[in-house]
Amino acid sequence: MKQNITILGSTGSIGTNTLDVLSNHLDRFQVFALTASKQVDLILAQCAKFKPKFAVMAQEDAGRLLAQRIKAEGLPVEVLWGPEALDQVSAHEEVHAVMAAIVGAAGLSPCLAAAHAGKRLLLANKEALVVGGEVFLNAVKKGGAVLLPIDSEHSAVFQSLPENPATWADRIDQIILTASGGPFRTRDVSTLKNVTPEEACAHPNWVMGRKISVDSATMMNKALEVIEARYLFGVSPAQLSVVIHPQSVIHSMVKYKDTSIVAQLGTPDMRVPIAYGLSWPERITSGAQTLDFHNLKPMTFEAIDDHGHPDRFPGLKLAWQSLSAASGTCAVLNAANEIAVEAFLNKQIRFDQIHQVNTETLSKVQPPAPQSLSDLLALDAQSRAIASAAARACRI
């Protein structure tokens, strides 16, 4: 029987790569629902090719426009819109797996809906765990969902771990996340205040969306990945470390208690972890280029401050600080960073002021321990309001 797949965020980088993988395995998978925020033209083309049962737009005006165009094309696709519709296609009884690729905290609610409904949840939206924390993990456990990481680093760790999670605590010494270092790894720190959004979005190895590209340039993406790894793999913050690996060939590693290190290698292509998540515990072709060891460039590794500037990536330290702070602090950090990155992309603050907005927000929000989605959303809204004020106070 074919597996029905809902893709949350089908017009983004992860969504389009997922559809590319699925297009080569339509004997095994059926696209059940596609969702997007406002890219009507692209999701219309996706609907024409894959003919899902549902297409969902986050915005009502975009939904109504898509519905008109779907009808004009004569496509057998029902169009919905709004947050409740996202939850509906995530938890639908006919759905087997959900690719969670909505960027930011906006993806939390449909992820929770899928978790409560016991779906196979392919987590490309790291914010679901960063923001949701124990609330999200409890939903996964209670609903009987299967949580599989899609981020290249976390997929690499997952592929390097023993199959039985019950043995992880007894065997693991450390999880080592690799980072490319982004476009400013060796740039003069004194010039970072002059970085433009276009420069920050030009990642040397990966093709990604604008928000995650900026996060990679500040290393905040790695900070969020540290937090996600803490919840995904049940290790302590002290068991998590980051090493810069500019070539992005080794995607992450697991160090065992006997000092053995197991790593996952591959070309920097998101179709590899996507294919693994879709087919786990089996493996299917991904469409990615095979790693050629005969022509492989030398691999190098650096400490975060190897170039003599320990404050080049100050945001990375916030991961461990947030994990050791009050429950809910990680959600505050994520909300502040989303606001700060948006302000930078809109040229309202400088690149170096992203960290300033984040730290100021963390200092002003004292989070209670969130117990529910409503608690998390309230904390997210409060943090965004404070971060927005901090961003407005910045002077370019």
Side chain [X], main chain [Y], donor-acceptor under 3.5 Å:
X    : Y    : result
H96  : K119 : no
S388 : R384 : yes
S10  : I7   : no
R28  : I284 : no
T35  : M57  : no
R171 : L161 : no

Is any NZ, NE, NH1 or NH2 atom of the basic residue among [X] and [Y] found under 4.0 Å from an Asp or Glu carboxylate oxygen of the other?
X    : Y    : value
D41  : R69  : yes
K255 : D173 : yes
E127 : K211 : yes

Qualifying residue for side chain to side chain donor-acceptor pair (under 3.5 Å) with K53, from E78, H92, E94: E94
Distance-only side-chain donor-acceptor flag, T267 / Q289, under 3.5 Å: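 Per modelled atom types, T267 and Q289 side chains form no pair under 3.5 Å.
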Distance-only side-chain donor-acceptor flag, N334 / K126, under 3.5 Å: no
side-chain hydrogen bond (donor to acceptor under 3.5 Å, both in side chains) involving T361 - partner list, sequence neighbours excluded: none
Aromatic plane relationship, F158 with W168 - under 30° parallel, 30 to 60° tilted, over 60° perpendicular: perpendicular
Aromatic plane relationship, F351 with F184 - under 30° parallel, 30 to 60° tilted, over 60° perpendicular: perpendicular
Non-hydrogen side-chain atoms of I70 and C47 separated by less than 4.5 Å: yes
How close do [X] and [Y] get, counting heavy atoms only, and between which atoms?
X    : Y    : value
L108 : G132 : CD1-CA, 4.2 Å
A85  : V56  : CB-CG1, 3.7 Å
R312 : L192 : O-CD1, 4.4 Å

Stepwise side-chain contact (heavy atoms from CB on, under 4.5 Å) check, N125 with I14: CA-CA 10 Å; N125 168 10; I14 296 295; over 6 Å; no
Near-ring test F136/Y231, centroid separation under 6.0 angstrom: no
L123: which of I150, D151, V140, L129 passes side-chain contact (heavy atoms from CB on, under 4.5 Å): L129
